[in-house]
Amino acid sequence: MSTYKSDFLNILSSRGYIHQCSDAAGLDALAAKGDVTAYIGFDCTAPSLHVGSLVQIMLLHWLQQTGNKPIVLMGGGTTRVGDPSGRDESRKILSIEDIENNKQGIQAVFAKFLAFGSGKTDATMVDNAEWLTKLNYIEMLRDIGKHFSVNRMLAMDSVKLRLEREHELSFIEFNYMILQAYDFTELSRRYGCNLQMGGSDQWGNIVNGIDLGRRMGTPQLYALTTPLITLASGAKMGKTASGAVWLNADMRSPYEYWQFWRNTEDADVGRFLRLFTTLPLPEVARLEALQGSEINEAKKVLANAATALLHGEAAAAEAAETARKTFEEGASAGGLPTVTVDLGSGIGVLAAMVQAGLASSNGEARRAIQGGGIRINDDVVKDDKLLLTSALAKDGSIKLSHGKKKHVLLKQG
RNA sequence: GGGAGAAUGUCCCGAGUGGCAAAGGGGGGGGACUGUAAAUCCCCUGCUUUACGGCUUCGUAGGUUCGAGUCCUACUUCUCCCA
């Protein structure tokens with residue numbers, strides 16, 4: 001393993017963040033002097049980022065920790081076009097209002113990982129709508145378009161794959177890479193940005209930016225990409241039964257977030273500790289080496305650390321305690337999701353499950369009961385006509401469980 | 001503009017002779033085994049207060065038929081080829 005002069009690249013490399021880098025030695029020299037200003041673009045395609053973007057966020061975090069300057073680029077402009085990279089189908093074209101709303105939702109999360117301000121290593125947030133929406137078509141063709149070779153663009157993976165599979169690629173999407181390349185040069189000009197980072201699928205787009213920069217006379221630009229994070233079992237990371245693992249607390253509670261990490265596959269624990277926590281590497285190595293059921297301790301550490309980074313120490317501790325009571329004591333922990341129902345006149349199990357979000361219809365709820373997967377206060381429910389009343393409550397609430405992991409407290413409303 | 005083809009269970013892929021709630025996968029859920037893991041095995045996976053019942057599903061709208069995902073007509077969208 002090669003060693004670098006800069007803390008930045010040493011940390012990135014030893015923690016497993018680096019997939020490709022355009023000129024590691026050149027970048028290393030800059031980083032050693034604290035002269036790197038790097039950006040990562042985030043498209044505003046959803047009201048919150050999810051764990052899939054976490055690697056990128058951590059990259060910015062480490063960049064700042066090692067004395068360099070991060071720029072968070074909101075893709076308020078590029079999202080209006082849609083990135084075709086790594087997709088078989090066209091992205092839906094979002095309305096400008098949706099994009100703006102999504103942007104509002106996404107922004108807040110960065111404050112947890114980065115320190116914003118106006119100092120040398122303080123983070124900055126910008127929106128590429130600021131300059132992209134002002135572009136004039138003819139001027140842009142003359143100033144920027146002339147630097148792009150269609151021949152070369154057709155050879156790019158994002159384009160080539162679409163063509164090979166005979167999937168359509170619209171002209172608007174074809175332009176995405178040009179806009180992203182232009183972003184890079186614009187950020188270079190405005191903020192002295194000299195590095196663009198991103199997922200491995202962004203390599204082509206980033207390198208395009210470097211080329212454009214060279215032709216337009218910016219200082220030397222650099223590219224650095226992270227590997228695509230998949231689970232050891234091969235599945236894409238960040239998808240659970242109930243959808244994406246969102247970072248915003250109002251879309252995925254700290255407790256659920258903690259649970260997501262707690263349920264990491266054995267084979268992923270070490271890698272995830274390196275990527276998604278800031279624990280010292282020797283400690284990671286020790287945890288990773290735990291065998292058999294002991295590795296559960298490592299998973300708790302992972303869950304605590306990852307949740308603390310995003311939601312804070314207090315929320316992480318609370319989530320850990322809720323999990324401990326629920327899974328290790330089998331008790332009804334107060335931190336579980338709570339649903340208020342009318343226990344006074346009673347409510348059927350089926351209706352209660354639907355209201356609690358444990359089932360989407362009475363039929364589904366009934367099937368779950370027939371399959372033996374539903375428990376009330378840890379007793380298996382056999383009768384789907386069971387009526388829940390306050391008589392069943394313990395400490396003012398009834399614990400309703402679907403399977404081993406999904407628990408909800410029912411309280412009198 | 002011309003020609004060829006496609007749209008199926010509100011997650012995805014995908015069979016489907018006029019009798020179909022519709023094969024089969026994947027994904028998802030539950031159970032067993034475990035360690036809140038993986039792998040494996042079993043069950044479930046349109047709605048409906050139990051149902052050999054009712055209802056709603058096969059791009060949209062009509063039509064033929066006792067009966068249509070399946071046939072006819074128009075329309076919509078997508079893909080490919082030619083211009």
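Here is the naming used below: chain letters follow the sequence lines, and residue numbers restart at 1 for every chain. These values consider heavy atoms only, across backbone and side chains, with no hydrogens, waters or symmetry-generated copies.
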If we count only N and O atoms by modelled type, under 3.5 Å, do the side chains of A:Trp131 and A:Asp183 hold a donor and an acceptor together? yes
Here the residues of residues 285-298 of chain A within 4.0 Å heavy-atom distance, strictly under, of RNA chain B are A:Gly292, A:Ser293, A:Ile295, A:Asn296
Roughly how many Å apart are B:rC20 and B:rG31, using the P atom of each and rounding to a whole number? 35 Å
For a quick check of understanding: with a heavy-atom distance under 4.0 Å over all strands, which category does A:Ala267 fall into, base, sugar-phosphate or nothing? nothing
Heavy atoms under 4.0 Å, any strand shown: does A:Thr326 hit a base, just sugar-phosphate, or nothing? nothing
Taking [atom1] from [X] and [atom2] from [N], how many angstroms apart are they, rounded to a whole number?
X	N	atom1	atom2	value
A:Arg262	B:rA37	CZ	P	8 Å
A:Glu265	B:rU40	CD	P	12 Å
A:Glu328	B:rU34	CD	P	19 Å

Atom pairs under 3.5 Å: protein N/O with N/O of nucleotides 30-32 of chain B:
{"from": "B:rG30", "atom 1": "O2'", "to": "A:Gly371", "atom 2": "O", "distance (Å)": "3.3"}

State which residues pass salt bridge (Lys or Arg N to Asp or Glu O under 4.0 Å) with A:Glu97; sequence neighbours excluded, sorted by chain then number. none
For A:Glu294, give me all partners under salt bridge (Lys or Arg N to Asp or Glu O under 4.0 Å), at least two apart in sequence or on another chain. none
Show the distances under 3.5 angstrom between N or O atoms of the protein and N or O atoms of nucleotides 47-53 of chain B.
{"from": "B:rC47", "atom 1": "OP1", "to": "A:Ser361", "atom 2": "OG", "distance (Å)": "3.0"}
{"from": "B:rC47", "atom 1": "OP2", "to": "A:Arg367", "atom 2": "NH2", "distance (Å)": "2.4"}
{"from": "B:rU48", "atom 1": "OP1", "to": "A:Asn362", "atom 2": "N", "distance (Å)": "3.0"}
{"from": "B:rU48", "atom 1": "OP2", "to": "A:Gly363", "atom 2": "N", "distance (Å)": "2.7"}

Residues that A:His407 engages under ring pair (Phe, Tyr, Trp, His ring centres under 6.0 Å), provided they are two or more places apart: A:Phe327
